[in-house]
Amino acid sequence: MSSRNSMRAVVVRRVGGPEALEVVRVPTPEPGPRQMRIRVEAAAVNPVDIATRSGALIDAGLMAPREIIGIGWDVAGVVDRVGPGVTTFAVGQRVIGLRDLLDRSLGAYAEYLVLDADAVAPAPPGIDATEAATLPLNALTAQQALALLDLRPGDTLLVTGAAGAVGGFAVELGVRAGLRVVAQVADTDRAFVRGLGAAWTVPRASADLAGEIRALVPGGVDGALDGAGLGVHATAAVRNGGAYAGVAGGPSPLPLRGMRIHQEWIRADGTALAGLATLGLTLRVADVLPLERAAEAHERLSAGGVRGRLVLTP
């Protein structure tokens, strides 16, 4: 348990495998102007956390090397202290938030987290903190990627990796926007994405993904949200002049056939997150583990096959 002046947090001092995650005691952070301190109740484990821990983000030039690296983006908890200029949140309020700054020595895997007030939103009403913690990063990523595609009601949308955390939200948000969704999923996940509102499903292991999609949607889909990082295999299913949005990082496909090519780079947005928290989106928790088992959570996520998010609790 934390004291008033110190707390437990998971950090990385030497990048590497799951064993690089260390639970250490550090000073409890203090909020500055327009910031708040959140007593963490739950923090979701995401692929970006693995990329941070392993050093992949440093190798990709997305963050600078640090002596101490904080881990964790998604948080759900209770406002513990507010800094000067914070008027829209009060101590004791249940909130969710997103830490989108990589160059920090503390992340959401901790007992307390300081965030800018504009990265925080009221928690979804009536939702447990472990479920609420699965919303910020993945739902905002899906929403911002859909905005890049700029599709209209009645348009067709391909979502690859549609049973994943980003993909599932993309299907639901696309359906809410009036889009007709083609979901690329494993056979075992077809019922799930149909339940989210997908109009069609295509197999994840298809040898001719574009051909199968074009058989369903002659001429090709209007846009693709590539949650699985398929690149050219996804753009091949998009019509001439359509749009593509990648969310998994890596090289972007070329803008062939007049396509608009986008790469979504997530940004914290408390106002948008507040709206997402009211929609009743499907929140999936694969398992809940204590902070001390963060390495186990990373091992399980790296092994694949996890449906929903693994969540850590202090």
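- The nearest pair of heavy atoms linking Gly227 to Thr160 is N-OG1, 3.0 Å.
- Pairing each heavy atom of Arg66 with each of Ile68, the nearest pair is NE-O, 3.0 Å.
- To the nearest 0.5 Å, atoms OG1 (Thr282) and CD (Glu172) are separated by 3.5 Å.
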Donor-acceptor pairs under 3.5 angstrom involving side-chain atoms of residues 300-314: please list them, not counting sequence neighbours.
from: Arg300; atom 1: NH1; to: Asp287; atom 2: OD2; distance (Å): 2.9
from: Arg300; atom 1: NH2; to: Asp287; atom 2: OD2; distance (Å): 3.4
from: Ser302; atom 1: OG; to: His298; atom 2: O; distance (Å): 2.9
from: Arg307; atom 1: NE; to: Asp189; atom 2: OD1; distance (Å): 3.3
from: Arg307; atom 1: NE; to: Asp189; atom 2: OD2; distance (Å): 3.0
from: Arg307; atom 1: NH2; to: Asp189; atom 2: OD2; distance (Å): 2.9
from: Arg309; atom 1: NE; to: Asn46; atom 2: OD1; distance (Å): 2.8

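- The two atoms that bring Val232 and Pro253 nearest to each other are CG1-CB, 4.2 Å, heavy atoms only.
- With sequence neighbours left out, Asp128 forms a salt bridge (charged side-chain N to carboxylate O under 4.0 Å, His left out) with no residue at all.
- Between the Arg81 side chain and the Val114 main chain, no donor and acceptor come within less than 3.5 Å of each other.
- Scored by the salt bridge (charged side-chain N to carboxylate O under 4.0 Å, His left out) test, Arg194 finds no partners at all (sequence neighbours excluded).
- With sequence neighbours excluded, no residue satisfies salt bridge (charged side-chain N to carboxylate O under 4.0 Å, His left out) with Arg260.
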Let me have the donor-acceptor pairs involving side chains of residues 84-95, under 3.5 Å, with sequence neighbours excluded, atom names and distances please.
from: Gln93; atom 1: OE1; to: Ala90; atom 2: N; distance (Å): 3.2
from: Arg94; atom 1: NH2; to: Glu41; atom 2: OE1; distance (Å): 2.3
from: Arg94; atom 1: NH2; to: Glu41; atom 2: OE2; distance (Å): 3.3

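- Proximity of Ile266 to Leu98: side-chain heavy atoms (C-beta onward) are separated by under 4.5 Å at one or more points.
- Taking hydrophobic clusters as Ile, Leu, Val, Met, Phe, Trp and Tyr residues chained together by side-chain heavy-atom distances below 4.5 Å, Met7 does not share a cluster with Val78.
- Side chain of Arg284 to main chain of Gly164: a donor-acceptor pair is present (N/O by atom type, distance under 3.5 Å, no hydrogens or angles).
- The CZ atom of Arg25 sits 10.5 Å away from atom CG of Asn5, with the distance rounded to the nearest 0.5 Å.
- Annotation: side chain of Gln184 is not in contact with side chain of Ser206 (no heavy-atom distance under 4.5 Å).
- Remark: side-chain polar atoms of Arg239 are not paired, donor with acceptor, to backbone N or O of Asp222 under 3.5 angstrom.
- Tested against Leu225 for a side-chain contact (heavy atoms from CB on, under 4.5 Å), the candidates Leu149, Leu179, Leu151, Leu173 yield a single pass: Leu149.
- At least one donor-acceptor pair closer than 3.5 Å links the side chain of Asp226 to the backbone N or O of Gly231.
- Here the side chain of Arg257 pairs no donor or acceptor atom with the backbone of Met259 at under 3.5 angstrom.
- With rounding to the nearest 0.5 Å, the separation of CD1 in Ile71 from CD1 in Ile50 is 10.0 Å.
- Cluster membership check: Leu157 does not share its hydrophobic cluster with Val217, using side-chain heavy-atom separations under 4.5 Å among Ile, Leu, Val, Met, Phe, Trp and Tyr.
- Summarising the local packing, CZ of Arg13 is surrounded by 12 or fewer heavy atoms from other residues, nucleotides or ligands at distances under 6.0 Å.
- Val11 and Ile38 are assigned to two separate hydrophobic clusters, defined by single-linkage of ILVMFWY side chains at heavy-atom distances under 4.5 Å.
- To the nearest 0.5 angstrom, His233 atom NE2 is 12.0 Å from Ile213 atom CD1.
- When all heavy atoms of Trp265 and Gln144 are compared, the pair lying nearest together is O-OE1, 4.2 Å.
- Atom CG of residue Leu273 and atom CG of residue Leu137 lie 10.5 Å apart, to the nearest 0.5 angstrom.
- Looking at Leu135 and Phe169, their side chains come closer than 4.5 Å, going by heavy atoms from C-beta outward.
- Using a cut-off of 4.0 Å between Lys/Arg side-chain N and Asp/Glu carboxylate O, Asp116 and Arg34 are scored as not salt-bridged.
- Residues Ile69 and Met63 are in side-chain contact: their nearest non-hydrogen atoms beyond the backbone lie under 4.5 Å apart.
- Linking Ile, Leu, Val, Met, Phe, Trp and Tyr whenever their side-chain heavy atoms come within less than 4.5 Å leaves Leu148 and Val171 in two separate clusters.
- In this structure, the side chains of Val238 and Val221 come closer than 4.5 Å at one or more pairs of heavy atoms.
- Here the shortest heavy-atom pairing between Val181 and Gly174 reads CG2-C, 4.4 Å.
- For the pair Val175/Leu196, no side-chain contact is recorded, criterion being any heavy-atom separation below 4.5 Å from C-beta on.
- Val75 and Val166 fall into different hydrophobic clusters, where Ile, Leu, Val, Met, Phe, Trp and Tyr side chains are chained together by heavy-atom contacts under 4.5 Å.
- Looking at Ser105 and Glu67, their side chains never come closer than 4.5 Å, going by heavy atoms from C-beta outward.
- Side-chain N or O atoms of Gln263 include none that pairs as donor or acceptor with a backbone N or O of Ser252 at under 3.5 Å.
- Taking every heavy atom of both residues into account, Ala108 and Ala43 meet most closely at O-CB, 3.4 Å.
- Counting only distance, with no hydrogens or angles, the side chain of Arg39 and the backbone of Leu113 share no donor-acceptor pair below 3.5 Å.
- Taking OH from Tyr244 and CG from Leu158, the interatomic distance works out to 10.0 Å, rounded to the nearest 0.5 Å.
- Contact check for Val45 versus Tyr109: side-chain heavy atoms found under the 4.5 Å cut-off.
- Judged as a salt bridge (charged side-chain N to carboxylate O under 4.0 Å, His left out), and not counting sequence neighbours, the contacts of Arg37 are Glu30, Asp80.
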